[in-house]
Amino acid sequence: MSAATHISLGNPTSPILQTAPLHTLSILVRNKPGVLVRVALVFSRRGYNIESLVVSADVTNGDFSRMTITCSGDPETLEQIIKQVTKLIDVVTAFDHTGQSVYETEVALVKLQCKVADRTELLQITELYSAKVVDYGVDSLIVRIVGAAEKLDVFLSLLRNYEIVELVRSGKIAMTRGLATT
């Protein structure tokens, strides 16, 4: 994608239609090559769509990694997927956190083409959403925003009036509240 490519974020007045509920899964796996592919294949074989996927090594034990998968589809099929994923040799645990008390967050980086005259309004929007400008260019800004998916969606919809050059969004990460482990 070229630096001048404009990314359309859709029509701000049209509602987002969600046909199936969104689920957040935590999967603890051994940190070995090919594990991600095997987990993703279980979803693919069942026709389940993965909306976002975040994988990171476990800080306390580098032999393991945590996958946070956001997906949508039929709940009964999801139950079967979790059972099949749990049976994979390198999977330690797999949990669906839907309906549980969890803290969820995402991060997004947005590069905007903007003239100096437009910066005041952009900076006001950025401040309102507790976002941070992480790079100032002569004719561009890079903004970082952290928060719930809904907060990022609203923030990005406000930026539709500006030239979005590039957008990178992390996907959801989640952690159970209290002393229970994710």
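Since the model is a prediction, treat every value here as computed from it, not as a measurement. Values reported hereafter were calculated over all heavy atoms of this structure, with side chains retained and with hydrogens, waters and symmetry mates removed.
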For [X], all residues meeting side-chain contact (heavy atoms from CB on, under 4.5 Å), sequence neighbours excluded:
| X | value |
| --- | --- |
| Ala149 | Glu106, Arg169 |
| Thr98 | His23, Asp96 |
| Ser56 | none |

Connected-component partners of [X] among ILVMFWY, side-chain separation under 4.5 Å:
| X | value |
| --- | --- |
| Tyr103 | none |
| Ile173 | Val54 |
| Leu179 | none |

Discussion item. Please determine whether side-chain contact (heavy atoms from CB on, under 4.5 Å) holds for the pair Tyr162 and Ile125, giving the CA-CA distance in whole Å, both sets of side-chain angles, and the decisive distance to 0.1 Å.
Written reply: CA-CA 12 Å; Tyr162 302 94; Ile125 294 169; 4.1 Å; yes
Practice prompt. Answer with yes or no whether the hydrophobic clustering places Val91 together with Phe95; edges join I, L, V, M, F, W, Y residues whose side-chain heavy atoms lie under 4.5 Å apart.
Written response: no
Using atom types as modelled, flag every donor-acceptor pair under 3.5 Å from a side chain in residues 36-43 to any protein atom, sequence neighbours excluded.
residue : atom : partner : partner atom : Å
Arg38   : NH1  : Gly34   : O            : 3.3
Arg38   : NH2  : Asp90   : OD2          : 2.8

Worksheet item: Sequence neighbours excluded, which residues qualify as salt bridge (charged side-chain N to carboxylate O under 4.0 Å, His left out) partners of Lys151?
Response: none
Discussion item. Going by salt bridge (charged side-chain N to carboxylate O under 4.0 Å, His left out), name the residues that satisfy it together with Glu104, two or more places apart in sequence or in a different chain.
Written reply: Lys172
Side-chain polar contacts of residues 60-67 - donor-acceptor pairs under 3.5 angstrom, sequence neighbours left out - could you list them?
residue : atom : partner : partner atom : Å
Thr60   : OG1  : Asp58   : OD1          : 2.6
Asn61   : OD1  : Asp63   : N            : 3.0
Ser65   : OG   : Asn31   : OD1          : 3.4
Arg66   : NH1  : Thr182  : O            : 2.9
Arg66   : NH2  : Thr182  : O            : 3.4

Report all side-chain donor-acceptor pairs from residues 126-141 shorter than 3.5 Å, counting only partners two or more places apart or in another chain.
residue : atom : partner : partner atom : Å
Thr126  : OG1  : Leu122  : O            : 2.8

Discussion item. Test: salt bridge (Lys or Arg N to Asp or Glu O under 4.0 Å). Region: residues 79-88. Which pairs qualify, not counting sequence neighbours?
Written reply: none
Discussion item. Is it true that His97 and Thr176 share a donor-acceptor pair across their side chains at a distance under 3.5 Å?
Written reply: no
